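Computed from a predicted structure; not experimentally measured. Just follow the structure's listing: the first ligand is 1, and inside any ligand the first atom is 1.
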Amino acid sequence: MKRYHVQTFGCQMNVHDSERIKGLLESLGMGEARDQGEADVLVFNTCTIREKADDRFVAHLMEARAAKQRDPEKRIVVGGCWSESMKQELFDLYPFVDLAFGPGAIHKLGDYIAAGGDLPEGHFSTFDHFAGHLPGKRERRHQAWLQISQGCNSKCSYCIVPSVRGREQSRSLEDLVGEARRLAADGVRELTLLGQNVNSWGRDLPAGQRAGFGGLLRHLDQVDGIARIRFTSPHPKDMRDDVIAAMAECESVCEHLHLPLQSGSTRVLKAMRRTYSAERYLSLVGRIRAAIPGIALTTDIIVGFPGETEADFEQTMEVVDAVGYDHAFTFVYSPRRGTEAAAMAEQVAEHVKRDRITRLVDLVQRHAAEHNAALVGSVQEVLVEGPSRTDPSMLRGRTRGNKTTLFRGDAGEGELALVEILRSTSQTLGGRPAVIAAA
Ligand code: 5AD
Ligand code: SF4
């Protein structure tokens, strides 16, 4: 049996795409190799979050080249966003690569393998199928991603995604509900809806099929067996009242929202083409908290966008302080090929960006620790993911607010356990099985 190995870089969308790549290769009769060395087909699913290719990726790619020199039968395949951003240039830099494709063209890998490695040379990037139609291989039996859309119609000036993942295309409601039912029947309890901009879902569908993202949540909430629904990432501009109402009313939709802020300065937001102001973002947060008390809020923030002054950065700190996030992913701005911001004149000096991100991370961690400490003494529903990696005598899982929780107990993977929270840090909660008094 021929064997494959897939190595993944980047975001959840890529983790999901890799599951499709694995499922596809297995449907063609291949098996998973334990490591790169044992594989006949070496796949790299790349990310382009940095301008330069990821150093780890390049190191592994060079190992793959050495392995191919020893055994010329090996095939090296590079998929994903970085691959897409490079196109033909990738073959000039790394001529030993056999096949390259972008995130919308995973099925080309299937065609290539099915044809015995005989495909016309070149880079495949057209988007014509949802990877959702391909078989998948889930890492966990009880958790699944559900890709609801592909691509993005926004024009955030820092972002390379629209150019590598194309315009937004939504999967139909029927398709999504069908897949959710199949996944539930296969043991899935938690669904994470994925899209570059999940809450603009459906606008490109034919008139009779536009249920809106709120409508989609309501339909998926009805699927038996799905206990939890999450989604990532929404855009604040599309966070309409009907979406908030659906979140509040649907039992399975978790009390957690990842709402990218990017900057707290309205001037910088404008240059970023985010289409909302700091004030509008804050009033949105107010409406969300009023509708869903206790909801956990997380975000993405970029520091050092071109032209960001100390005053702009302080406004970001003020918004972060006013919202008090449960967690934030913080990024130092880095120019990406072909984006509008990369050509802007006033790039911020590296040491200034470093100083700002350190201050921001401190503030974010202080809020995270406070939020977690406030949960001590409460009882949380935890979806068990299995034993803790650091201490196998403990179970690890997540609360509905998406907090990693460690506790001693005998619940199995995929079960929901009630846990009394006894300890907290800025990163995790710790507790014990809750004793529920009989009513
Ligand atoms: N520089 C830094 N961070 C970026 N992000 C997107 N593009 C850039 C960039 N050029 C961040 C945004 C986005 C997250 C996934 O990555 O915060 O929400
Ligand atoms: Fe994900 Fe963006 Fe990286 Fe692509 S470039 S893998 S969409 S983070």
Side-chain angles (χ1 to χ4, degrees), residues 8-17 45-54 80-82 84-85 103 145 147 149-165 168 192-200 230-239 257-265 268-276 278 281 284 297-308 312-313 316-317 319-320 323 325 327-350 352-358 360-361 364:
T8 312
F9 302 87
C11 66
Q12 290 178 330
M13 190 68 92
N14 259 21
V15 172
H16 174 62
D17 284 349
N45 193 12
T46 61
C47 170
T48 177
I49 204 86
R50 296 203 174 74
E51 166 71 4
K52 232 176 104 233
D54 189 298
C81 296
W82 178 80
E84 180 66 40
S85 72
W145 313 108
Q147 188 184 358
S149 60
Q150 147 82 31
C152 180
N153 289 355
S154 292
K155 294 190 174 59
C156 301
S157 57
Y158 51 81
C159 187
I160 196 165
V161 167
S163 75
V164 294
R165 290 194 182 252
E168 184 171 281
T192 303
L193 315 186
L194 283 183
Q196 237 52 250
N197 179 2
V198 282
N199 53 346
S200 69
R230 304 185 183 280
F231 52 85
T232 194
S233 293
H235 193 302
K237 77 176 166 59
D238 296 312
M239 206 59 209
L257 183 66
H258 184 73
L259 192 65
L261 168 68
Q262 310 302 3
S263 168
S265 151
V268 172
L269 286 168
K270 202 162 184 169
M272 289 177 163
R273 298 194 186 278
R274 292 292 288 172
T275 73
Y276 53 85
Y281 184 96
L284 174 61
L297 292 176
T298 58
T299 199
D300 290 342
I301 299 164
I302 299 176
V303 304
F305 184 82
E308 183 189 73
D312 291 317
F313 175 69
T316 296
M317 294 286 274
V319 174
V320 168
V323 176
Y325 293 101
H327 177 73
F329 294 101
T330 50
F331 302 88
V332 167
Y333 169 77
S334 75
R336 313 264 162 89
R337 266 185 190 239
T339 58
E340 190 187 342
M344 291 179 180
E346 308 166 83
Q347 300 289 330
V348 175
E350 214 47 48
V352 175
K353 293 189 208 171
R354 291 282 149 209
D355 168 65
R356 289 183 188 162
I357 200 160
T358 310
L360 179 61
V361 167
V364 164

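Among the candidates Ser157, Pro260, Ser154, the single residue satisfying the side-chain contact (heavy atoms from CB on, under 4.5 Å) test with Arg274 is Pro260.
Closest to atom 14 (C) of ligand 1 by heavy atom, among Thr330, Ile301, Ile302, Asp300, is Asp300.
Not a single donor-acceptor pair under 3.5 Å links the side chain of Gln147 to the backbone N or O of Met13. Although no hydrogens or angles enter the test, the distance criterion places a donor-acceptor pair under 3.5 Å between the side chain of Tyr281 and the main chain of Leu259. Judged by distance alone, the side chain of Asn199 and the main-chain N or O of Asp238 form a donor-acceptor pair under 3.5 Å.
Of all the atoms in ligand 1, the ones that sit under 4.0 Å from a non-hydrogen atom of Phe331 are 2 (C), 3 (N), 11 (C), 14 (C), 16 (O), 17 (O). Taking a cut-off of under 4.0 Å to the non-hydrogen atoms of Gln262, the atoms of ligand 1 that pass are 12 (C), 13 (C), 17 (O), 18 (O). Of all atoms in ligand 1, listed by their number and element, those nearer than 4.0 Å to a heavy atom of Arg336 are 1 (N), 2 (C), 3 (N), 4 (C), 6 (C), 7 (N), 8 (C), 9 (C), 10 (N). Atoms of ligand 1 found under 4.0 Å from any heavy atom of Ser334 (numbered from 1 in listed order, with element): 1 (N), 2 (C), 9 (C), 10 (N).
No side-chain heavy atom of Thr316 sits under 4.5 Å from any side-chain heavy atom of Val303.
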Checklist entry - Could you walk me through whether Gln262 and Tyr158 pass the side-chain hydrogen bond (donor to acceptor under 3.5 Å, both in side chains) check? => result CA-CA 10 Å; Gln262 310 302 3; Tyr158 51 81; 3.3 Å; yes

Checklist entry - Given Glu168 and Ser200, is the side-chain hydrogen bond (donor to acceptor under 3.5 Å, both in side chains) satisfied, shown in steps? => result CA-CA 9 Å; Glu168 184 171 281; Ser200 69; 2.7 Å; yes

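When only interatomic distances are considered, the shortest N/O to N/O separation between Tyr333 and ligand 1 does not fall below 3.5 Å.
At a heavy-atom cutoff of 4.0 Å, ligand 1 is contacted by no atom of Thr339, backbone or side chain. In Tyr158, the parts holding a heavy atom less than 4.0 Å from any atom of ligand 1 are both the side chain and the backbone.
Contact between Pro260 and ligand 1 is absent, with no heavy atom of the residue lying under 4.0 Å from the ligand.
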